[in-house]
J.: 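This is the structure, below, for whatever I ask next.
Keep in mind that what you see is a predicted model, and the values were worked out from it rather than measured. For ligands, and for the atoms within them, numbers begin at 1 and follow the listed sequence. Only this structure's heavy atoms are used, side chains among them; waters, hydrogens and symmetry mates stay out.
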Amino acid sequence: MKKLYLLGLATALACSPALAADQATAGSSKDAFITDLLGRMTLDEKIGQLRLISIGPEMTHEQIAKEIAAGHIGGTFNSVTRPENRPMQDAAMNSRLKIPMFFAYDVIHGHRTIFPIGLGLASSWDMDAIGLSARTAAREAAADSLDMTFGPMVDISRDPRWGRSSEGFGEDTYLVSRIAKVMVQGYQGKDVSAPDSIMAAVKHFALYGGVEGGRDYNTVDMSPNRMYQDYLPPYRAALDAGAGGVMVALNSINGVPATSNTWLMQDLLRRDWGFKGLTVSDHGAILELVKHGVARDGREAAKLAIHAGIDLSMNDMVYGAELPGLVKSGEVPEAEIDNAVREVLSAKYDMGLFADPYRRLGKAAEDPADTNAESRLHREESRSVARRSMVLLKNAGNTLPLKKAGTIAVIGPLADAPIDMMGSWSAAGQPTQSVTLLRGIREAVGNQAQVVYAKGANVTNDRNSVAFLNRIIFDRTEVEIDPRPAQEMIDEALKAAANADVIVAAVGESRGMSHESASRTTLEIPPPQRALLTALRATGKPLVLVLMNGRPLSLVRENEEADAMLETWFSGTEGGHAIADLLFGDYNPSGKLPVTFPRSVGQVPMYYSHLTIGRPFTPGKAGNYTSQYFDEDTSPLFPFGYGLSYTTFDVSDVRLSADRIKRGDTLKASVTVRNSGKRDGETVVQLYLHDVTASMARPIKELKNFQKVFLKAGERKEVTFTLSEDDLKFYNIKLEYAAEPGDFDVQIGLDSQDVKQARFELL
Ligand code: NOJ
């Protein structure tokens with residue numbers, strides 16, 4: 001089928017002496033420049049610009065160069081070095097109109113230097129740190145000749161079964177929207193045309209995180225209110241921050257695939273939101289309209305997609321094969337093609353490619369001799385962001401921080417797993433360059449303490465899972481299974497731990513378990529690791545769990561067995577150093593959960609901002625006919641916003657500047673936060689609002705603001721938030737965004753449950 005679609009384009013037509021690049025320098029305005037160029041393009045050349053080709057085994061480099069020279073390809077993705085990309089740009093410069101190519105890649109949480117995965121970045125609640133990760137990634141990607149990333153990924157996810165939870169920034173609309181903005185600003189810099197900036201294509205538009213059952217690519221069925229209120233704002237925030245592109249989701253929305261959804265792409269995105277940039281289909285999504293059951297064949301799929309407003313077709317060949325015929329038969333007006341081409345050309349213009357097609361490719365003589373050279377990495381930035389991304393979940397009896405003394409047993413299948421440190425979507429990161437926990441601990445203690453190591457268990461022994469992880473997800477061996485009997489491995493670990501003063505156990509998931517297509521029906525740590533933990537607990541030695549995972553796990557037993565638990569997610573190239581910084585107290589943990597940790601998968605979906613209901617359950621009260629699980633505690637194990645520190649913080653009662661406000665007024669809400677412990681530290685002061693009575697049931701609370709504050713031991717600080725009418729608005733049943741008069745509760749605290757409250761009224 002693919003081959004068939006490859007053959008669809010006719011060859012390029014007559015030559016024109018005018019060159020696109022000449023025009024760019026002629027100083028004409030962007031619109032005039034593009035209108036002129038469009039006017040000189042043949043239909044085949046126009047359709048060529050709508051094709052985004054994956055560099056892979058399907059097409060040889062020679063074939064691709066030939067097609068580019070014929071004006072049949074607009075851009076490519078998945079080739080990440082200058083020597084790979086330069087010949088393609090050369091080929092474009094040999095095409096009739098010399099329209100430059102652009103090169104894209106999934107630069108999601110770092111490029112060569114890998115930063116923590118999305119959930120980890122979000123756990124920092126630190127916009128400077130998150131922005132730094134994106135800026136650094138952009139610099140590295142641009143230095144490798146990339147012009148565009150398919151990111152940020154801002155899909156709200158409230159279902160940890162979904163493997164792509166790892167990629168996003170969690171469950172909360174406000175937090176994810178704030179992050180969307182700084183990620184776009186980081187990627188695009190001050191000027192997206194700068195040689196060290198890359199264009200951001202926010203994804204996956206829209207609602208991809210709402211897939212039913214947490215099963216990837218599944219349908220999304222959602223009320224308009226929930227969409228507008230909870231799931232759409234992060235995409236909008238990315239666009240408001242100037243994202244040049246949008247990647248369209250693979251899922252359907254209330255029965256209509258996003259890729260053919262004219263309401264989504266035309267009414268909402270372009271008309272209501274005024275988006276003028278580029279839209280890109282997801283991989284093969286146009287042809288998938290046939291499997292969705294909304295198109296008879298590729299021809300109809302192409303027609304639906306171009307009509308809905310998909311400018312670039314990613315990797316499937318249907319646009320090239322079908323659009324010429326569709327235009328000729330009059331089924332697709334050429335104006336629709338022109339609109340799409342205009343957007344592609346406009347994005348290329350914005351990326352500065354008409355002015356200089358080699359802007360990010362540079363000169364061959366200046367190509368790095370070794371693309372993976374240490375000198376090209378940004379280790380310090382990665383370590384500093386990673387330290388902020390970790391969440392201390394438990395620390396009984398101040399088990400942490402550890403002393404750099406005695407004997408430390410480092411145990412577990414993830415203790416020395418360089419590839420897993422990087423997490424999924426690790427761009428051009430090299431596992432050989434990532435610092436494992438074992439190495440981090442060894443380097444931190446030097447010769448002050450003895451470090452012993454044993455693997456202790458495989459991540460999983462389930463053959464099907466291993467086959468899935470090694471073949472289906474990555475098509476190579478990622479998860480090495482130690483063939484020894486499980487008990488033998490546990491015995492080895494116990495032997496290693498026998499003389500230790502403390503056990504540090506690195507457990508969780510291998511990175512492929514939290515990836516695209518990698519949905520799970522359980523949130524537990526897999527059985528061989530569980531058995532290892534039970535054996536380690538039985539030693540009676542202090543047990544510190546270093547968790548590595550890409551989704552909230554169900555940690556009820558671990559929480560009972562371990563003395564301390566540090567959630568490190570997949571922490572990136574410098575993860576091992578960063579974790580050691582926290583374990584030994586060289587950095588005081590400050591991360592907070594951007595997602596709720598349920599007790600068990602049966603509680604899913606579980607998120608803090610659920611709507612009020614008629615029969616709520618009151619914790620501690622045996623509930624007759626109230627909303628609860630009778631076989632499980634109804635509360636989460638760890639709430640949204642939660643995270644400990646090596647010091648403690650107190651929050652005073654909430655002070656409001658008024659207890660009644662009129663529309664248009666602002667209100668100040670303040671607390672005094674005190675570091676009541678013995679160490680300096682940082683915490684995140686969080687403000688939630690609850691609209692007490694409204695025309696619709698409203699969330700029991702919603703995050704509306706936060707501040708990360710650093711306090712020396714014993715220090716106090718007044719933290720003030722300003723609330724305006726905008727903070728009180730919501731989408732009512734008519735989808736009008738408005739605040740309704742009545743009472744509002746302001747809650748301020750250190751997580752979504754540990755809050756102080758005061759009430760005011762909107763008149
Ligand atoms: C499919 C994924 O859904 C998307 O996020 C990614 O950008 C593309 N593949 C390209 O790799």
J.: At less than 4.0 angstrom from any non-hydrogen atom of F150, what atoms of ligand 1 do you find?
T.: 7 (O)
J.: Is the positively charged end of R158 above the ring of Y607, judged by distance under 6.0 angstrom from the centroid and angle within 45° of the axis?
T.: yes
J.: Would you call K203 and D106 a salt bridge, using N to O less than 4.0 angstrom?
T.: yes
J.: What I want to know is whether Y208 and ligand 1 share at least one N or O pair that is separated by under 3.5 angstrom.
T.: no
J.: What atoms of ligand 1 come within less than 4.0 Å of a heavy atom belonging to M247?
T.: 4 (C), 7 (O)
J.: What do we get for E516 next to ligand 1 when only non-hydrogen atoms under 4.0 Å count, side chain, backbone, both or neither?
T.: side chain
J.: Got the closest protein heavy atom to atom 8 (C) of ligand 1, with its distance?
T.: D282 OD1, 3.4 Å
J.: Within the structure, is a non-hydrogen atom of E167 found at a distance of less than 4.0 Å from ligand 1?
T.: no
J.: For H307, is the NE2 atom crowded, meaning more than 12 foreign heavy atoms sit under 6.0 Å from it?
T.: no
J.: Quick one about Y208 and R164 (side-chain donor to acceptor, distance below 3.5 Å, no hydrogens or angles considered), yes or no?
T.: yes
J.: Run the contact test for H204 against ligand 1 with a 4.0 Å cut-off on heavy atoms, strictly below, and give the result.
T.: yes
J.: Any Lys/Arg nitrogen of E67 or R51 sitting under 4.0 Å from an Asp/Glu carboxylate oxygen of the other?
T.: yes
J.: Looking at R376 and D144, is any side-chain nitrogen of the basic one under 4.0 Å from a carboxylate oxygen of the acidic one?
T.: yes
J.: Taking only heavy atoms of F77, which atoms of ligand 1 are found under 4.0 Å from at least one of them?
T.: 10 (C)
J.: Atoms of ligand 1 less than 4.0 Å from K203 heavy atoms?
T.: 4 (C), 5 (O), 6 (C), 7 (O)
J.: Should we say atom CZ of R296 is surrounded by more than 12 heavy atoms from elsewhere, each under 6.0 Å from it?
T.: no
J.: Write out the residue and atom name of the closest protein heavy atom to atom 7 (O) of ligand 1, then the distance separating them to 0.1 Å.
T.: D106 OD1, 2.5 Å
